[in-house]
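Okay, structure first, notes after.
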Amino acid sequence: MPRLTRLLLLTQLFLAVTAAAHSFEPLLFDLRERAPGVFDVRWRLPGPAAGLVIAGDAALSPALPRHCRRVDDAPGATATDQPTFVAPGSTPAEDTTWRVDCGSDGLRGYPVGIAGLAGGRSDAVLRIVWRDGETLTTVLHGGAPDIVVPPGRGGVSGGAPTSAVFARYLQLGVEHILLGFDHLLFVFGLLLLVDSTATLVKTVTAFTVAHSVSLALAILGFVHVPPAPVEALIAASIVLLAAELARPAGQPVHLTRRAPWVVAFVFGLLHGLGFAGALNDIGVPANHIALALLSFNLGVEIGQLLFVFVMTGPVAVAARIRWPWPRLRLVPAYAMGAVAMMWTLERLQGLWTAS
């Protein structure tokens, strides 16, 4: 009985953690030039799960040059929007838009960043798009809370060296997979499904190859799928995997158990589109598309392999336990299915609301 109690407590903890899960999504500070020196500004705070990252940081607010002034005709702007300069300790709304006029001086040669980021643990994406299509995309963090906007073309990714671009997008890839609880839950289901090391290697490799391919195709513009249905289908893929895990012994064996690497590859393509949605939100520096894609994907793989390494032992031990009631083995499958079904319904509701 004590063993059953511990199992139920762990299941409750698992449900509590995963129920609030959302994909990793950093703070976004986006400026798009609509007229010479005039920029539409978008300020988007991270989703709820990212609170794990930003907890303990000071209040964050955009920091623009002093000659930039707020204008009131920004699309979507409301009376509650924050001014261009926000007092320390005050943060703009969760997703806010407004417009600034920086005159003939513009932004080039001036510092742009985020107040309150220095010394904290947050990451933020700064993206500036000029009328001629030139784009600057860089990642700000506690050690570099702002940048001096470079002059003219060639300033993409803040003039950062390739090593800095590689390191930052590698970190973002690791953070995305480790905070993307839906992706981790699918991988956890694969660990429960396979019954040998050889099968596990084939299955995880198939998942990796698939999401790497679809991620690259989406980022390079060969494939475009709206993110809302992709997120709903990712949750549904976990439901289907949980249903297979919950099937009683003795029933006909489905393809999912006969060849789990095939199912992992098919669903991996779907998960790769989810990764691409997150990377598109972050932004890819135009001069370093291949490097950013490679390092982000490598970061995802590092995070995934780390998760597999940590969870393989406990899963193997649990498989050898003589449970007093055989149905206790189905608890993880039912927990996965319940959480994933909740995600599916939530995301479908968001899809209909958005439409």
Side-chain angles (χ1 to χ4, degrees), residues 25-47 50 54 57-118 122-141 144-160 226-228 277-287 353-354:
E25 163 177 285
L27 187 154
L28 175 65
F29 185 15
D30 185 275
L31 301 101
R32 294 176 184 267
E33 190 178 34
R34 60 175 283 106
V38 179
F39 294 83
D40 288 335
V41 182
R42 183 186 179 193
W43 172 270
R44 188 194 67 194
L45 292 177
I54 67 173
D57 288 335
L60 305 177
S61 58
L64 290 168
R66 287 291 173 185
H67 62 268
C68 295
R69 61 182 181 83
R70 162 87 178 265
V71 294
D72 294 328
D73 60 343
T78 67
T80 60
D81 287 341
Q82 302 292 331
T84 302
F85 298 101
V86 182
S90 174
T91 304
E94 182 176 334
D95 197 335
T96 313
T97 60
W98 66 94
R99 185 168 293 158
V100 294
D101 185 350
C102 298
S104 59
D105 288 342
L107 296 176
R108 299 189 187 280
Y110 293 94
V112 175
I114 297 178
L117 197 64
S122 299
D123 279 332
V125 174
L126 171 65
R127 183 164 58 220
I128 306 175
V129 181
W130 280 270
R131 296 174 68 207
D132 62 0
E134 182 179 356
T135 301
L136 181 152
T137 303
T138 190
V139 180
L140 305 177
H141 53 92
D146 57 31
I147 64 164
V148 175
V149 180
R153 286 212 172 250
V156 175
S157 117
L279 188 53
N280 276 325
D281 279 347
I282 293 170
V284 179
N287 282 4
T353 302

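Quick note: residue numbers are just sequence positions, from 1.
Ile114 and Ala124 make their closest contact through CD1-CB, 3.3 Å (heavy atoms, listed as atom of the first residue, atom of the second, distance). Across all non-hydrogen atoms, the minimal contact from Gly113 to Phe29 is O-CE2, 3.3 Å.
Atom CH2 of Trp43 sits about 9.0 Å away from atom OG1 of Thr96, to the nearest 0.5 Å. To the nearest 0.5 angstrom, Asp132 atom CG is 7.5 Å from Glu33 atom CD. We find the SG-CG distance between Cys102 and Leu31 to be 8.0 Å, quoted to the nearest 0.5 Å.
Remark: Asp101 engages Arg69 in a salt bridge (charged side-chain N to carboxylate O under 4.0 Å, His left out) (not counting sequence neighbours). Take Asp30 and apply the side chain to side chain contact (heavy atoms under 4.5 Å, CB included) test, not counting sequence neighbours, and it matches Leu28, Arg32, Arg42, Arg127.
Using a distance-only test at 3.5 Å, with no hydrogens or angles considered, no donor-acceptor pair links the side chain of His67 to the main chain of Leu107.
By the 4.5 Å heavy-atom criterion applied to side chains, Leu136 and Trp130 are counted as neighbours. Phe39 places none of its side-chain heavy atoms less than 4.5 Å from the side chain of Leu64. Contact check for Val125 versus Leu27: no side-chain heavy atoms found under the 4.5 Å cut-off. Side chains of Leu140 and Ile147 form a contact here, defined as non-hydrogen atoms less than 4.5 Å apart.
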